[in-house]
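A short write-up of the structure that comes next.
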Amino acid sequence: MTEPSRRTPSKKGLTPLGVIGFIVGLALFAYFVRKAGVGQILEGIRRLGAGFVLVIAVSAMRQIARSIAWTLCMEPPYRLRFRDAFRARVMGDAIGNILPFAGFLVSEPAKPALIRDRVPLIAGFSALAIENIFYALSVALFVFSGMVALLLSFTLPKGLRLVSIITLAVIAVVIASGAVLIAKRLRFISGSAKFLHRRGLNEKWIEKAGSLEDRIYGFYQRNSARFLPIILLEFCFHLAGVTEIYVTLSFISPDQPPTFLTAFILESVNRVITVAFKFIPLRMGVDEAGTGRVSKVLQFTMTTGVTLAIVRKARDVFWSATGMILLLQRGLSLRTVARDAEAALAEEAKLRVSSELSAGESS
């Protein structure tokens, strides 16, 4: 009788904050599309035309790069096939793009849940967590480089310059702190969890934090030779993003052709927007606002920036549709996958506690 009540959280796709974020994003989207000019945007899309197929092909390289990185994070004796990793990633990302606010909380656990018939859940979950850490590191380095390039290459308005400098400072502190923590194997995450536990945090988060640290440090000790290939794959993801923007701008902005530098800066800004506004479906409105403003600094028009953001949305819609088709082929729905993802989180916690108890008894 208690089981159905435990599964009700899977219906949290439309949270109040998620709905508010979607409505505000939709209003921003309408405002910036109107400001940039609907006719001019449609003209840019018309110029892109069949070039959208090339955009999709380049974006596929991003999915491929991170899927391979996930397979490299899988430790023996288990092995994750590229095909299974690719399909699970596409399906999981589709969930993240469709479900407002709760999307990320559901989409990431859904990925190992979708391959649990191929590899044990705990193995898939651990490998994905490690791959996300590598990805987060690459994002920090990529955005840092993009902000430096923006500051050194263009004259910025005072407000944008201040934001760029603050972003640089924050990223520098995060990267330096992370390097020290890994080098000295400091138990910062579990230590913070214990500190918060004394102030009311649930004790289960201490166990989760300690388990995460064990995975990170254990993987570093056992698989240090894989670090470079994984990092290179993560940067291939970003390189494909830069290439995608370069290709798109080459079609929609013939009067002001892009350079690799401008495409690089725009993609770094896109990473910031993606991370900061993950809870808004398809980054509705905020992508148009941010990309439009930065495009003007880079000597493009606001219309070009807004059109670029809309093309990115079309790309996301394509991959979301692909993910939904793959889900339907397996007879799954968003609600089913969300429920399975929550069950996966619960099972992962049970497996971890069980293994720790077994280890304690054997010692």
Side-chain angles (χ1 to χ4, degrees), residues 62-76 78 80 82 85-86 88-89 92-93 96 103-113 115 119-145 167 170-193 205-241 268 271-272 274-276 278 341 344-345 348-349 351-352:
R62 309 175 83 181
Q63 297 281 4
I64 291 171
R66 289 200 65 187
S67 297
I68 296 175
W70 186 10
T71 65
L72 291 179
C73 292
M74 184 70 65
E75 295 191 84
Y78 308 111
L80 177 60
F82 165 75
F86 182 83
R89 178 166 293 283
D93 286 347
F104 178 79
L105 300 178
V106 174
S107 66
E108 291 305 300
K111 294 171 185 176
I115 58 167
V119 295
L121 178 65
I122 188 72
F125 205 97
S126 299
L128 184 65
I130 292 169
E131 191 275 330
N132 273 312
I133 292 171
F134 279 103
Y135 172 68
L137 174 61
S138 71
V139 168
L141 293 173
F142 183 79
V143 171
F144 185 88
S145 302
T167 302
V170 171
I171 293 175
V173 170
V174 170
I175 293 176
S177 300
V180 171
L181 289 174
I182 293 176
K184 296 190 175 182
R185 302 192 64 180
L186 298 177
R187 296 278 177 171
F188 174 78
I189 303 176
S190 57
S192 300
W205 292 106
I206 299 178
E207 299 174 357
K208 289 177 179 289
S211 177
L212 178 60
E213 288 170 331
D214 290 339
R215 292 169 186 165
I216 298 170
Y217 296 137
F219 186 85
Y220 176 79
Q221 287 181 323
R222 296 185 294 268
N223 305 279
S224 57
R226 298 188 188 182
F227 270 44
L228 182 58
I230 295 173
I231 284 290
L232 289 176
L233 284 166
E234 302 294 358
F235 277 102
C236 283
F237 171 89
H238 298 299
L239 179 60
S268 67
R271 285 299 95 202
V272 174
T274 299
V275 172
K278 184 72 175 178
L345 283 173
E348 189 268 347
L351 288 171
R352 186 185 65 252

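One is the number of the first residue; the rest follow in order along the sequence.
- The minimum heavy-atom distance between Pro112 and Gly124, with the atom names listed, is CB-C, 3.7 Å.
- Considering every non-hydrogen atom in both Ile171 and Ala140, the closest pair reads CG2-O, 3.3 Å.
- Between Leu80 and Ala85, the shortest heavy-atom distance links the atoms CD2-CB, 3.7 Å.
- Looking at Ile115 and Lys111, their side chains never come closer than 4.5 Å, going by heavy atoms from C-beta outward.
- Separation of atoms CE (Met74) and OG (Ser126) is listed at 8.5 Å; rounding is to 0.5 Å.
- Contact between Cys73 and Ile230 at its shortest, heavy atoms only, is SG-CD1, 3.7 Å.
- Contact annotation: the side chain of Leu72 never approaches that of Glu131 to less than 4.5 Å [non-hydrogen atoms, C-beta and beyond].
- Using a 30° and 60° split on the angle between ring planes, Phe219 and Phe134 fall in the perpendicular class, above 60°.
- Taking 4.5 Å as the limit, some side-chain heavy atom of Leu128 sits within range of a side-chain heavy atom of Arg89.
- At a threshold of 4.5 Å between non-hydrogen side-chain atoms, the residues Val139 and His238 count as touching.
- The distance from the CG atom of Leu137 to the CD1 atom of Ile175 is 7.0 Å, given to the nearest 0.5 Å.
- Taken from CD in Glu234 to CD1 in Ile133, the straight-line distance is 11.0 Å, to the nearest 0.5 Å.
- With hydrogens and angles disregarded, no donor-acceptor distance shorter than 3.5 Å links the side chain of Ser177 to the backbone of Val174.
- In Tyr78, the OH atom is not crowded: 12 or fewer heavy atoms of neighbouring residues, nucleotides or ligands sit closer than 6.0 Å.
- Here the closest non-hydrogen pair linking Ser67 and Phe82 is CB-CE1, 3.8 Å.
- Atom-to-atom distance recorded for Leu233:CG and Arg62:CZ is 14.5 Å, nearest 0.5 angstrom.
- Distance CD1/Ile64 to CD1/Ile68: 7.0 Å, rounded to 0.5 Å.
- At a threshold of 4.5 Å between non-hydrogen side-chain atoms, the residues Arg66 and Asn132 count as touching.
- Using cut-offs of 30° and 60° on the angle between ring planes, the pair Phe237 and Tyr135 is perpendicular.
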